[in-house]
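Quick note on labels: first sequence line is chain A, next is B, and so on, each numbered from 1.
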Amino acid sequence: MRYMFHSFRMLMKSAMQYRSSLLMQVIAQVVLTGGELLAVTVLLSRFHVVGHWQAMEIMFFFGVMQSSFALTELFGRGVAAFQGFVGRGEFDSLLLRPRPLLLQVVCSQLDPRRVGSCAVGVAAIVIAASRLEIAWTVGKVLLLAEVVLCSMLLTLGLFMIEATMCFFSVKSIEMVNVLTYGGRSTCQYPVDIFPKPLELLFTYLAPFALCMHWPVAWVLGQPMTALSPGWYFVTPLAGLVFFLLMTRVWYWGVRRYRSTGT
Amino acid sequence: MAFIEAKGLSKVYVRYNAPRTGGISRLWKRERQEIPALTDANFTIDRGELVGLIGPNGAGKSTTVKLLTGILTPTGGTCTVDGRTPWENRREHVRRLGAVFGQRTQLWWDVPIRDSFLLLRDIYGLEEKRWQRRLDGLVDALELEGFLNAPLRQLSLGQRMRAELCGSLLHEPQLLFLDEPTIGLDAVSKLKLRAFLREENERGGTTILLTTHDMEDMLALCSRVMVLGHGRLLYDGALDALLQRYDTVHTLRVTYDGGADVSALTAAAQVTRDGDAFILTYEPATLPTSTLLPMVLYAGRVREMTLKEQNVDELIARMYREMKL
């Protein structure tokens, strides 16, 4: 923990060396994500409802997705940019240090400009929540935290697909991006407005629905499924499971890397 | 038991290439190509030794280092370092290991090097007091105090290398790997670095494995060398003995006042002219210098005379040639 904390603090310090550049990039991120938010708002001002969802509810989903994705990009930069890391041979130096490899990868990089997107995401949640009449309970707040955390793990897990593939020098990154960035763009809307195949894809394969939409829908008082409330605390764990699974696969890739050295 | 013990250590890389011939099937067919990087290496290294690892590029030096550090798993053979197998139980192994790769930094680029050292303290879980004492000692020995607060990117190459060394030694490793530590350094920095390494090896008792192309490093530091070529260990022993084996040709350059009768010399050695000077090339093994010298003096009035041994680089080049590397 101390190692992780110190790593991040140092990476922040590194980033601060280029303060104005960082500031510009954060602003760029705000504009970029804000633009997306604007697009959603414009869309909703025309149609008011998408499926059975009202404008502000959609905004809430958007906020949860953007903020959890941005947080993953912020802290999971090392995993997302892992390919270049291996390419430059820097991975070898991690193998020479007595700490768990994945932890080292995560601690190796930070992407502070994502603070911008994250802020927009949080703003969307706050705006939406203030307009909606949600009966907040402690449980719901905790659930929302769990949702964000598990969605982060899920996204990190998706990034890890790419991080594993680079051990095999396979360049099918585009396919993976469908799940990661495609997942972000798609799943900022509740998954039940999409055609069945897409809904199934993001429910069971890259389970954004389990992690995010089902519990959030329940928080909003519009459950997507007929589960009893307790279950909404369980389904986000799909993100954790997905992440653990990908960790195993990644370590398997590491073993291969060490035996082939490519 | 020896500190490092390798038995039949081998590594074969497998590469898949697209075949050059054969119609459409070329698109999916892959030819399996096995590249032996290290074949059947046997050696032992004792605690406290300073061993040089030399060989031309692609000889298997870095594969050997990667196997000993546990970065790679071998395809055959066994190896233990301090009783442990490097590629099993990675974390226990690397805790006692330091490494400096001349071309690649292990520290953080944009932060003061003091912060890098702090983070290394956390990474290795070092006790605060012990770390501080060690850091003070290293900062002193490597003359780092002036730029502890400067980020790595602002340091000169020599300063950076010293910082790297400091970082790799903070956790008091038993075994230190150095890859081209003096590359690109000026003469003064090189000498200082060598002195430091000798000190660290002798007083600190750190076992050091050094790969370098700089023969001066070898001469200054290593009493023992291992020569690798085509993935095989070709020589393992004293550096002096190795050099003597290839130091078979000497050159004597002599200039005479007035005329000289070099006919006797021409019969004994190979004589060429360089302006006024005669250059005599001979093999001390068959024609001892003590026999040649009187002949040289007899031939005329010597104005100037210099005896040259081959320089180490030439020797090594010759060795590679003769070993067909």
Side-chain polar contacts of residues 5-15 of chain A - donor-acceptor pairs under 3.5 angstrom, sequence neighbours left out - could you list them?
unit_1, atom_1, unit_2, atom_2, d
A/His6, ND1, B/Asp122, OD2, 2.1
A/Ser7, OG, A/Tyr3, O, 2.9
A/Lys13, NZ, B/Asp115, OD2, 2.5
A/Ser14, OG, A/Met10, O, 3.2

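Taking all atoms of both residues into account, the shortest heavy-atom contact from A/Arg99 to B/Gly125 is NH2-N, 3.9 Å. Annotation for B/Gln106 and A/Ser93: closest pair OE1-CB, 2.9 Å, computed over non-hydrogen atoms.
For chain A, no part of B/Pro74 is nearby; none of its heavy atoms comes within less than 4.5 Å. With a 4.5 angstrom heavy-atom cutoff, B/Leu120 touches chain A only via side-chain atoms. Proximity to chain B (any heavy atom under 4.5 Å) is restricted, for A/Tyr18, to the side chain, taken from C-beta onward. Neither the backbone nor the side chain of B/Arg96 comes within less than 4.5 Å of any heavy atom in chain A. Neither the backbone nor the side chain of B/Trp109 comes within less than 4.5 Å of any heavy atom of chain A.
For the atom pair CG (A/Leu96) and CZ (B/Arg95), the distance works out to 13.5 Å, reported to the nearest 0.5 Å. With rounding to the nearest 0.5 Å, the separation of CD in A/Gln17 from CG in B/Asp110 is 5.5 Å.
Taking a 6.0 Å sphere around CZ of A/Arg88, one finds it holds more than 12 heavy atoms contributed by other residues, nucleotides or ligands. In B/Arg130, the CZ atom is not crowded: 12 or fewer heavy atoms of neighbouring residues, nucleotides or ligands sit closer than 6.0 Å. By the 6.0 Å contact criterion, OH on A/Tyr251 is enclosed, its count of non-hydrogen atoms from other residues, nucleotides or ligands being greater than 12.
Put simply, the side chain of B/Leu72 does not reach to within 4.5 Å of the side chain of A/Ser259, judged on heavy atoms. You'll find the side chain of B/Thr73 stays beyond 4.5 Å of the side chain of A/Tyr257, heavy atoms only. B/Arg91 places a side-chain heavy atom less than 4.5 Å from the side chain of A/Pro100. Side-chain contact between A/Leu95 and B/Val94 is absent, with no heavy atoms from C-beta onward closer than 4.5 Å. Residues A/Leu101 and B/Arg90 meet the side-chain proximity criterion, which asks for heavy atoms closer than 4.5 Å.
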* To do: For side chain to side chain contact (heavy atoms under 4.5 Å, CB included), just list the numbers for B/Arg121 and A/Arg2, CA-CA rounded to whole Å, side-chain angles, deciding distance to a tenth of an Å, and then say yes or no.
  => CA-CA 11 Å; B/Arg121 183 193 70 191; A/Arg2 192 166 115 136; 3.2 Å; yes
